[in-house]
Number of protein chains: 2
Amino acid sequence: MSVADTETSVSTRDRILDAAETLFIEHGFAGTSVRAIATEAGVNLAATNYHFGSKKGLFSAVFQRRVQPINEERLQRLSRLQKEVQVGKRKLTIRLVLECFFEPLRHVDPGIPALVGRMHGEPASLTRPILEEAFLEVAGAFHGALRQVLPELSHEELRWRFHFMIGSMIHLLQMHAPLGSESTHDTFTSGVPRLINFVQAGMAHTDNGKVYD
Amino acid sequence: MSVADTETSVSTRDRILDAAETLFIEHGFAGTSVRAIATEAGVNLAATNYHFGSKKGLFSAVFQRRVQPINEERLQRLSRLQKEVQVGKRKLTIRLVLECFFEPLRHVDPGIPALVGRMHGEPASLTRPILEEAFLEVAGAFHGALRQVLPELSHEELRWRFHFMIGSMIHLLQMHAPLGSESTHDTFTSGVPRLINFVQAGMAHTDNGKVYD
DNA sequence: TGACGTACCAAACGAACGTTTGAACTTTCA
DNA sequence: TGAAAGTTCAAACGTTCGTTTGGTACGTCA
């Protein structure tokens, strides 16, 4: 492939991905037709099946493209934190772990949160395989880190709190899914610190009102 | 209408509502066909449009049937609590307000949580009018009660925490949406108290680690 | 009794769906 | 240059969609 070739080829693929992302966010998977995607992208109807095999394949590709950089940064931050802890440079706290998990959400394309939020609203039969593949490693790593910093919690209790944490996050992500304005990103940026505070309190609470740091 | 008429009539209507509820939960709105609903209900295809006007009308009816009793109980509990506070019988606390809001979820049909959870995953263009109508009164009442018990929070901060509260709840509701087993109800029942603890801590936290009761 | 309204049914409507086809066009590389 | 591979196209495939139609069955009530 020449440079020119690569450019046109990638351009078509990416135009499809961009259009599909927009429409999937707005109308969901079943509510979006391949025809609408092709029209929005300005490409031929058959191009989507040529590049992605099927509508499901396209849906999966749209999601993977966005979520992989986020998860990579999450793991990067966590492993950097754990190294600093090993060296004795830092003390491992709930807040630091949560920041590794949530902060990457602030520095990404404004459309991404909406997509991740929409993803969690789709029927599980469609999304479960995609989500499991995408989040298995990240969920395991952060679950482990939180267990390390909250050793007095039973596994079951930690699983529940982890669950609520994900729920709070997803609801923040879904919050502005239907709106496409610039305020989306601003509101979201200011929401992340509040989310961290909220989740930290929920994670650390004990029955007598004491909280961990 | 005679009694017999009413019975057959209601039976058909309810069979459609039951079947639609099951399928909407599992596959979403756009992913469920009216034909599948009619087949599942064992009624004629045209019966759904006869009774509910359109597919959207049916979707709205399915939701309203389930959510109204819950919201009525929420308001009942809250107003009873507020009366007891006025008389001096009780002191208003975050936990008591949260219990008014969450406890009604425990004593209802196991299918309801899944439906409410699925509802929040649908495209906003479909669900927003339905949700706004259903929750305007309840949201206003509980937002006011929480403002009363957390007077030092700014309106904006309270709005955020209220938002995260709803998110935690919805994620609990969505948790078992795809599963139809009995364990759904058990797990959900044990999840509500944990949800209350989690949200109480998130609602009450201050920057110095202190929490309100 | 007989006109009337409600409930239900089989059948069909046109439209939109995801996907496939086969030819045309472009780029690759020996 | 010429065969092979990659990409895009108009057109059509068969299927399924939400909704409508016209007719039948049956209870109500003047």
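Quick note on labels: first sequence line is chain A, next is B, and so on, each numbered from 1. Only a predicted model underlies this, so the values are computations on that prediction, with no experimental measurement involved.
- Salt bridge Arg194(A)/Glu156(B): present, at least one basic N to carboxylate O contact under 4.0 Å.
- When the P atom of dG18(C) is taken as reference, atom CZ of Phe24(A) falls 9 Å away, rounded to whole Å.
- Position along DNA chain C of the nearest nucleotide to Ser33(A) versus Leu45(B) favours Leu45(B) as the more 5'-ward residue.
- Across dT8(D), dG18(D), dT19(C), the shortest atom-to-atom separation from the side chain of His51(A) is found for dT8(D).
- Spacing between atom CD1 of Ile16(A) and atom C1' of dC9(D) amounts to 13 Å, rounded to whole angstrom units.
- Salt-bridge annotation for Asp18(B) and Arg65(B): present, with a side-chain N of the basic residue lying under 4.0 Å from a carboxylate O of the acidic one.
- The pair Glu84(B)-Arg80(B) does not count as a salt bridge, with every side-chain nitrogen at least 4.0 angstrom from each carboxylate oxygen.
- Contact annotation for Ala47(B): no contact, since no heavy-atom pair falls under 4.0 Å across all strands.
- Closest to the side chain of Arg35(A), from the set dC8(C), dG18(D), dT19(C), is dT19(C).
- Nucleic acid contact class of Ser54(A) (heavy atoms, under 4.0 Å, all strands): sugar-phosphate only.
- Taking the side chain as every heavy atom from C-beta outward, Leu58(B) and Lys55(B) never approach each other to under 4.5 Å.
- One can place CZ of Phe52(A) at 16 Å from C1' of dT19(C), the figure rounded to the nearest angstrom.
- The nearest whole Å value for the distance from the CG atom in Asn49(B) to the P atom in dA11(C) is 19 Å.
- Here the P atom of nucleotide dC17(D) and the NE2 atom of His27(B) are 12 Å apart, to the nearest Å.
- When distances run from any side-chain atom of Asn44(B) to the nucleotides dC9(C), dT19(C), dG18(D), the shortest one goes to dC9(C).
- dT16(D) atom C1' lies 11 Å from atom NZ of Lys55(B), rounded to whole Å.
- If you check dC8(C), dG18(C), dC17(D) against the side chain of Tyr50(B), the one that comes closest is dC8(C).
- Among the heavy atoms of the strands lying under 4.0 Å from Thr32(A) are primed sugar atoms or P, OP1, OP2 only; no base atom is included.
- Ring centers of His163(A) and His171(B): under 6.0 Å apart, within the cut-off.
- When the P atom of dA7(C) is taken as reference, atom CZ of Arg15(B) falls 14 Å away, rounded to whole Å.
- Leu58(B) has its CG atom 15 Å from the P atom of dC17(D), to the nearest Å.
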